[in-house]
Number of protein chains: 2
Amino acid sequence: MDKNDCKKRIMATATRLFAERGLNGVSIRELSTAAGVSISMVSYHFGGKESLYSSVLQEQFSTFEHIEELKGIADPLDKIEGYIRWTITRHRNNPYLLRYYTSELTNPTQYFTPVVQPAIKSVIRFLIDAVEDGISNNQFRKELNAADTVLAMAGMVNYYFLSKLATQDIVSHSPERDEELIRHYMDIFVKGICMNKA
Amino acid sequence: MDKNDCKKRIMATATRLFAERGLNGVSIRELSTAAGVSISMVSYHFGGKESLYSSVLQEQFSTFEHIEELKGIADPLDKIEGYIRWTITRHRNNPYLLRYYTSELTNPTQYFTPVVQPAIKSVIRFLIDAVEDGISNNQFRKELNAADTVLAMAGMVNYYFLSKLATQDIVSHSPERDEELIRHYMDIFVKGICMNKA
DNA sequence: CAATGTCAATCGAACGTTTGTTATGTTTAT
DNA sequence: ATAAACATAACAAACGTTCGATTGACATTG
């Protein structure tokens with residue numbers, strides 16, 4: 001057995017179970033049984049159930065640091081498309097992230113302020129900067145409120161994944177449609193839904 | 001004391017507490033103390049903690065039935081604006097709804113399928129019909145995928161409220177801005193963000 | 001080089017609390 | 001007088017944590 005096998009198994013199992021049923025919906029008895037380790041290992045390795053949750057949360061939101069890589073993009077519109085593609089990839093690679101995201105936004109724990117809020121804010125700021133850039137060089141309409149525009153954009157993408165359980169028999173959520181979805185969302189966001197009245 | 005005062009107080013307190021900390025985050029001891037009633041009243045009036053949660057959930061999602069009132073609107077664009085205004089009003093009048101909404105979407109209980117899914121689906125279908133109407137009478141662009149368009153629209157509005165905790169010191173969430181927000185979202189959705197290249 | 005000591009990792013049992021429910025008793029209104 | 005509404009106390013079960021005991025790897029020592 002690996003040296004850190006036990007600790008890793010607890011993390012992996014906790015990530016899945018906390019996402020599925022929340023911090024209070026999972027007992028460390030069930031968790032340790034599912035992970036195939038002894039019940040005392042949670043306190044031993046993590047210092048307790050709450051600390052384990054904190055570790056999981058930090059790991060989940062560490063993926064937000066990769067927003068930095070999008071800052072090299074020059075064109076505002078490409079930045080926005082980069083954000084959409086990055087967000088979709090993030091949700092595809094980690095199906096549990098959205099659960100922690102929405103759970104902390106609607107039922108914040110003590111870790112919301114130090115862990116979750118900074119992660120979300122940095123992304124929003126990145127997008128606001130992009131939109132303001134686009135406005136000041138006459139690429140985007142000057143009537144736009146940058147902050148509102150950004151929340152609209154982020155809402156589009158995230159809600160697609162959030163609503164999955166309720167809409168999956170109306171709208172396909174297959175990853176094969178992702179590229180089409182990106183084009184579609186960019187199309188709506190850029191041109192709107194109405195006919196051009198030339 | 002009113003005849004149903006006890007039952008009503010339990011419902012009101014449960015609605016708030018379950019929203020704030022989830023089904024497993026609240027004990028019926030804490031709940032009954034906060035409601036100012038005896039601990040046995042939950043089982044007496046509702047048959048148990050789970051049944052109480054079910055009652056709260058059904059009450060919360062009963063507000064979705066009012067979507068019927070929007071079906072009288074003729075113009076597709078007015079229907080969409082009606083949906084935005086209706087959704088904002090719904091969140092303003094009931095600050096807890098979004099928590100049950102997202103909680104059930106990401107951590108569904110046994111009540112998701114009978115209570116939550118039908119409510120969401122009926123709204124989505126209403127919007128899809130509106131968009132398809134708009135496409136077939138050449139009001140909207142024919143390239144649009146109606147279902148994707150609808151999720152984008154619903155995402156815009158709901159995410160504004162969902163993200164509040166993380167974005168409230170970047171974007172004002174005051175109800176006084178609601179009308180401006182409606183105009184703004186309609187504007188983006190109808191015309192897009194880019195300059196007209198007429 | 002074998003014997004011994006050390007320490008971190010892991011286990012299962014046990015601890016004291018808290019959980020949701022219920023049995024029993026009391027009040028109130030008709 | 002009766003029955004519904006409410007309160008109190010007690011219940012078994014489950015909770016998170018902690019306490020010794022055991023193991024195995026590795027360094028120290030005779």
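Values in this document were obtained by computation on a predicted structure and should not be read as measured data. The sequence lines fix the lettering, A, B, ..., with proteins before strands; numbering per chain opens at 1.
Every pair passing side-chain hydrogen bond (donor to acceptor under 3.5 Å, both in side chains) that includes a residue from residues 22-33 of chain A is listed here, sequence neighbours excluded: A/Arg21-A/Glu30.
What separates NZ of A/Lys8 from P of C/dA9 is a distance of 13 Å, to the nearest Å. Note: CE (B/Met41) to P (D/dA4) measures 14 Å, nearest angstrom. Rounded to whole Å, the distance from CG on B/Leu31 to P on C/dG20 is 9 Å. Atom CZ of B/Arg9 and atom C1' of D/dA7 are 14 Å apart (whole Å). When the P atom of C/dA9 is taken as reference, atom CD1 of A/Ile10 falls 12 Å away, rounded to whole Å. The interatomic distance linking B/Glu50 (CD) with C/dT21 (C1') rounds to 13 Å, in whole Å. A/Leu52 places its CG atom 10 Å from the P atom of D/dT17, with the value rounded to the nearest Å. Atom CZ in A/Arg21 sits roughly 15 Å away from atom C1' in D/dA14 (whole-Å rounding).
The side chain to side chain contact (heavy atoms under 4.5 Å, CB included) search around B/Ser54 returns B/Gln58, B/Tyr111, not counting sequence neighbours. Residues satisfying the ring-ring contact (aromatic ring centres under 6.0 Å, His included) criterion with B/His184, sequence neighbours excluded, are absent altogether. For B/Tyr160, the ring-ring contact (aromatic ring centres under 6.0 Å, His included) partners two or more places apart in sequence, or in a different chain, are B/His173. Evaluation of the side chain to side chain contact (heavy atoms under 4.5 Å, CB included) rule for A/Thr113 yields A/Gln117 as partners, not counting sequence neighbours. Applying the side chain to side chain contact (heavy atoms under 4.5 Å, CB included) rule to B/Ala14 yields the partners B/Phe18, B/Leu31, B/Leu52, B/Val56; only residues at least two apart in sequence or on another chain are considered. Residues meeting the side chain to side chain contact (heavy atoms under 4.5 Å, CB included) test with A/Ser38, sequence neighbours left out: A/Ser40, A/Met41.
Between B/Phe161 and B/His91, the angle of the ring planes lies from 30° to 60°, which puts this pair in the tilted group.
Neither OP1 nor OP2 of C/dA8 sits under 4.0 Å from any side-chain N or O of A/His45. For the OP1/OP2 pair of C/dT10 and a distance below 4.0 Å, the side-chain nitrogens and oxygens of A/Tyr44 include no atom meeting the criterion.
In this structure, B/Lys7 satisfies the cation-pi test against B/Phe46, with its NZ or CZ atom closer than 6.0 Å to the six-membered ring centre and inside 45 degrees of the ring normal.
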Give the B/S/- string for nucleotides 25-30 of chain C, one per nucleotide from 5' to 3', where a protein heavy atom under 4.0 Å of the base yields B, of only the sugar-phosphate yields S, and otherwise -. ------
Going 5' to 3' through nucleotides 12-19 of chain C and flagging B where a protein heavy-atom sits under 4.0 Å of the base, S where only the sugar-phosphate is that close, and - otherwise, we get BBB----B
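For B/Cys6, taking side-chain heavy atoms from C-beta onward, the closest of the listed nucleotides C/dT10, D/dC6, D/dT17 is D/dC6.
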